[in-house]
S.K.: 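Could you have a look at this structure, given as structure tokens, before my questions?
The structure presented is a predicted model; accordingly, all values stated were derived computationally and were not measured. Position 1 is the first residue of the sequence; numbering continues from there.
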Amino acid sequence: RLDQKNARSLSQELLNQYFQDQKPVEKIDFNLYQTNTGGISLFPYSGADIENTSFIVALSKNKIDNSAVKSYLYSALTKAKDPNTASKALFGIASLGEPVLIQINNIIEDSKIDLETKLYLGLSLAEIGDKEKSLSLYEELLATTKLEEQNISIIALFADLSAILGQSEADDFLNRVFTTSSKEYSLVSQKLFALQSLLPRASTEPVAFTYSLAGTEKKITLAKGQNL
């Protein structure tokens, strides 16, 4: 699966960049996964998927054919039969830096759109640089959503949106995603998107924590780049 291969590769890049791990990064031939439509597939032999394409664009747009994928996403947006599909296409288009504010606003004005659609629109706004409006939408969703009733894929999108906006809830959302097992959802790209957004803002100060092992409590302090 491309999402899993890309997660391994980008995770190592992040470890090398922020934690001085300095291990080789797995090379991926994205041409094997970019179909003749320009979209990105999960497997070399499968068809393109809009959600997967948009997350791969958001994470690795410098490694794929942007012209082809842009054509695919605009086509998906034009052909979308519902706001949810359109919002996923807009997220990818926005991640390419395309000016799609009007299209985003047109969907936001629809009072009947669901929570997932609103979260993708929030991500789209953040990606085109309108973080003020994205934050306003995020705060509205945070205040009106019963988070304990949401499935883990929705929580992952909350993690992504809160992370890209630099909100304090991001760590809690991401921790919930990492600690919840799900056979239905992979979410590796969503997890990585949140991490990629959070790490540049991470404190460079030493981190201290306490743990208990065999009845003995120990306190550990780690400086940046230091491992246990």
S.K.: Any side-chain donor-acceptor pair under 3.5 Å between Asn16 and Gln12?
M.R.: yes

S.K.: Is the backbone N or O of Glu140 less than 3.5 Å from a side-chain atom of Thr144, with the two atoms forming a donor-acceptor pair by type?
M.R.: yes

S.K.: Heavy-atom distance under 4.5 Å between the side chains of Leu15 and Lys23, does that happen here?
M.R.: no

S.K.: Going by atom types only, do Asp3 and Ser189 share a side-chain donor-acceptor pair under 3.5 Å?
M.R.: no

S.K.: Between the side chains of Ser87 and Asn84, does any donor sit under 3.5 Å from an acceptor?
M.R.: no

S.K.: Is it true that Glu169 and Tyr138 share a donor-acceptor pair across their side chains at a distance under 3.5 Å?
M.R.: yes

S.K.: Under 3.5 Å, side chain of Asn6 to main-chain N/O of Ile56, donor-acceptor pair present?
M.R.: no

S.K.: Any side-chain to backbone donor/acceptor pair from Ser9 onto Glu26? Under 3.5 Å, distance only.
M.R.: yes

S.K.: Counting distance only, does the side-chain N/O of Arg8 pair as donor-acceptor with the main-chain N or O of Val25 below 3.5 Å?
M.R.: no

S.K.: Is Ile50 reachable from Val57 through a run of hydrophobic residues whose side-chain heavy atoms are each under 4.5 Å from the next?
M.R.: yes

S.K.: Would you say Thr180's side chain and Val177's backbone share a donor-acceptor pair under 3.5 angstrom?
M.R.: no

S.K.: Might you confirm whether atom NZ of Lys191 has over 12 heavy atoms from other residues, nucleotides or ligands at distances under 6.0 Å?
M.R.: yes

S.K.: Is atom CD of Gln4 surrounded by more than 12 heavy atoms (other residues, nucleotides or ligands) closer than 6.0 Å?
M.R.: yes

S.K.: Look at the side chain of Thr117 and the backbone N and O of Ile113, then say whether any donor-acceptor pair between them is shorter than 3.5 Å.
M.R.: no

S.K.: Output yes when a side-chain donor or acceptor of Ser11 lies under 3.5 Å from a complementary backbone atom of Ala7, and no otherwise.
M.R.: yes

S.K.: Indicate the ring-plane relationship of Phe193 and Phe55, choosing parallel, tilted or perpendicular according to the 30° and 60° boundaries.
M.R.: perpendicular

S.K.: Assess the side chains of Glu127 and Ser95: does a donor N or O sit below 3.5 Å from an acceptor N or O?
M.R.: yes

S.K.: For the residue pair Asn151 and Ser153, confirm or rule out a side-chain donor-acceptor distance under 3.5 Å.
M.R.: yes

S.K.: Could I get the full list of ring pair (Phe, Tyr, Trp, His ring centres under 6.0 Å) partners for Tyr72, not counting sequence neighbours?
M.R.: none

S.K.: According to the side-chain hydrogen bond (donor to acceptor under 3.5 Å, both in side chains) rule, which pairs have a member within residues 35-49, sequence neighbours left out?
M.R.: Thr35-Thr37

S.K.: Do Phe43 and Tyr33 have ring centres separated by under 6.0 Å?
M.R.: no

S.K.: Any ion pair linking Lys63 and Glu13 (charged N to carboxylate O, less than 4.0 Å)?
M.R.: yes

S.K.: Do Leu90 and Ile107 make a side-chain contact, defined as non-hydrogen atoms from C-beta onward lying under 4.5 Å apart?
M.R.: yes

